[in-house]
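Okay, so here's the structure we're looking at.
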Number of protein chains: 2
Amino acid sequence: MRVTPSSVASAHTADCVIFGFADKELRVLLVRRAVPPFAGDWVLPGGAMMDRETLEETARRVLLDMVGVKNVTLRQVGTYSDPDRHPVRRVVTTSFYALVQPKHHAPEARGHAREATWHAVSAVPNLGFDHDRLLRDAHQRLILHLRTRPLAFELLPERFTLTEAQLLYEDILGEELDRRNFRRKLQGYDFLMETTEIRSGVKGGPKLYAIDHGLLAAALSD
Amino acid sequence: MRVTPSSVASAHTADCVIFGFADKELRVLLVRRAVPPFAGDWVLPGGAMMDRETLEETARRVLLDMVGVKNVTLRQVGTYSDPDRHPVRRVVTTSFYALVQPKHHAPEARGHAREATWHAVSAVPNLGFDHDRLLRDAHQRLILHLRTRPLAFELLPERFTLTEAQLLYEDILGEELDRRNFRRKLQGYDFLMETTEIRSGVKGGPKLYAIDHGLLAAALSD
DNA sequence: CCAAAAGTGTTTCGCTTACACCCATGG
DNA sequence: CCATGGGTGTAAGCGAAACACTTTTGG
């Protein structure tokens, strides 16, 4: 409650686990550090909390800088405070996860990042700091949320087929789903609209679906 | 990731939402502040993170100081970083909830606390800082955990009747449960052992049950 | 034309819910 | 002895899970 003599004023950062779905795989946006410590290593994009800013605002700022998106789902996962998690000085970090659509937002490398690209979650390299753990924890949290709420539609483009939605669910959850049961469940959602279009260039002639964002927001805010 | 010129080094505290069960009600341990800000107000016990300490260690230290317990369930709930949440200077806090058995541990008022007592969760006074929100969030998290894991037994004494367990569940969840369904569910737990003792001083002659802590730990660590 | 993916219903299973009577004890 | 709480089983409902064939299309 109070800062006593032996208490510590630590720097505080927000790190973002930015999930996207592209090429039939769940992906995460990583940046490559240009400066020590961990220069050359891949890490989660993050930034220091500023003077009059909440941590969530910090995370939104990072998100805007890196992928230029606003108004996305952003959820706090946890706070990491191991005194040695940063090799140079004490830095506490709070992680958030965000769901975005990679197609619309090319990542940009800025600040201390040399490079910023999407990586398949199933094949991320070893990350700097304790970011492997942050990523694992965020992925677990996403799975937990996805099992109770239809969150995944935030990751899908304007038009998509039910099979694409199923591949996304399967990739996040890490398990195979029954096609008929999955489709029945989705068709029960009132925010899912069948269009008259079909996807070309793929066999079977699958119908395209779209999201009524108003109804989706209502379903997510229970 | 880095401390830039306009970033802020804030004090960081851990606040504990210590739940206990006594007199047939879910309770929470609160302390009354002896010093400004919020002198005289009830708040959650908390303390500043020290130099070589994780936030969880801070929470455990507070817990030990306040109720003298070790080895309890301690779960991180969230981090609160509104720049104005502390009226004097910037303090970020991370909250944890803990489950303890009030009988064995008399609360002690120490440090900046004038008084420390158990309050029924259903009738807590207005708290200082943003602790009303911390308490609400922690209670919601406890409910979430309780619905998926048999956590509540950490709150019960060595010997208890099934009715007592039911009252605890009902008080945490805020809803009434069917007695037969509840008992069937509990009797399915392998860590619950029926004893030969019965509780005296109460009508009906109810059997007392005990917990096999090894099996409980196994069940909780799925 | 054929290989690959889309599309479609019904049955089974397990869990959750609802519900009422007799027994044991304290006062 | 009686009022209060303890103790017990069964049937119905609901959502999840299992399962196979026909249609459409790209190549």
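Naming: A, B, ... by sequence-line order, numbering from 1 per chain.
Between A:Gln187 and A:Lys203, the residue whose closest nucleotide on DNA chain C is further toward the 5' end is A:Lys203. Toward the 5′ end of DNA chain C lies the nearest nucleotide of A:Tyr209, the other residue of the pair B:Gly204 and A:Tyr209 mapping further downstream. Residue-to-nucleotide proximity on DNA chain D shows that, of A:Arg180 and A:Gly205, the 5′-proximal contact is made by A:Arg180.
Scanning DNA chain C 5' to 3' for nucleotides with an atom closer than 4.0 angstrom to a non-hydrogen atom of chain B gives a first and last hit of C:dT17 to C:dG26.
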Start with the C-alpha distance between A:Leu192 and A:Ile211, add both sets of side-chain angles, then the distance that settles side chain to side chain contact (heavy atoms under 4.5 Å, CB included), and finish with yes or no. CA-CA 5 Å; A:Leu192 190 68; A:Ile211 293 295; 3.9 Å; yes
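Rounded to an integer number of Å, the gap from A:Leu208 CG to D:dT25 P is 13 Å. One can place CZ of B:Arg199 at 17 Å from C1' of D:dG7, the figure rounded to the nearest angstrom. The separation between B:Leu186 atom CG and D:dG6 atom P is 14 Å, rounded to whole Å. A straight line from CG of A:Asp178 to P of D:dC21 spans 15 Å, rounded to a whole angstrom. In this entry the distance linking CD of B:Gln166 with C1' of D:dT8 reads 14 Å, nearest Å. The interatomic distance linking A:Lys185 (NZ) with D:dA17 (P) rounds to 9 Å, in whole Å. Following rounding to the nearest Å, A:Phe182 (CZ) and D:dA18 (C1') show an atom-to-atom distance of 17 Å. As rounded to whole Å, 11 Å separates atom C1' of D:dG7 from atom CD of B:Glu194.
The main-chain N or O of A:Val91 is found under 3.5 Å from a side-chain atom of A:Arg85 such that the two form a donor-acceptor pair.
For D:dA18, the base has a donor-acceptor partner in the side chain of A:Asn181 [N/O atoms by modelled type, under 3.5 angstrom].
When the shell of 6.0 Å around CD of A:Glu176 is examined, it contains 12 or fewer heavy atoms from other residues, nucleotides or ligands.
Qualifying side chain to side chain donor-acceptor pair (under 3.5 Å) partners for B:Arg179, counting only residues two or more places apart in sequence or in other chains: none.
Aromatic ring centres of B:Phe191 and B:Phe153: separated by under 6.0 Å.
When heavy atoms are screened at a 4.0 angstrom cut-off, B:Thr163 is found touching the sugar-phosphate backbone but no base atom.
When the nucleotides D:dG6, D:dT25, D:dG9 are ranked by their closest atom to the side chain of B:Arg184, D:dG9 comes out on top.
Listed by first then second residue, pairs satisfying ring-ring contact (aromatic ring centres under 6.0 Å, His included) with a partner in residues 164-186 of chain A read A:Tyr169-A:Phe182, not counting sequence neighbours.
Cation-pi contact between A:Arg32 and A:Trp42: present, with separation from the ring centre below 6.0 Å and deviation from the ring axis of at most 45°.
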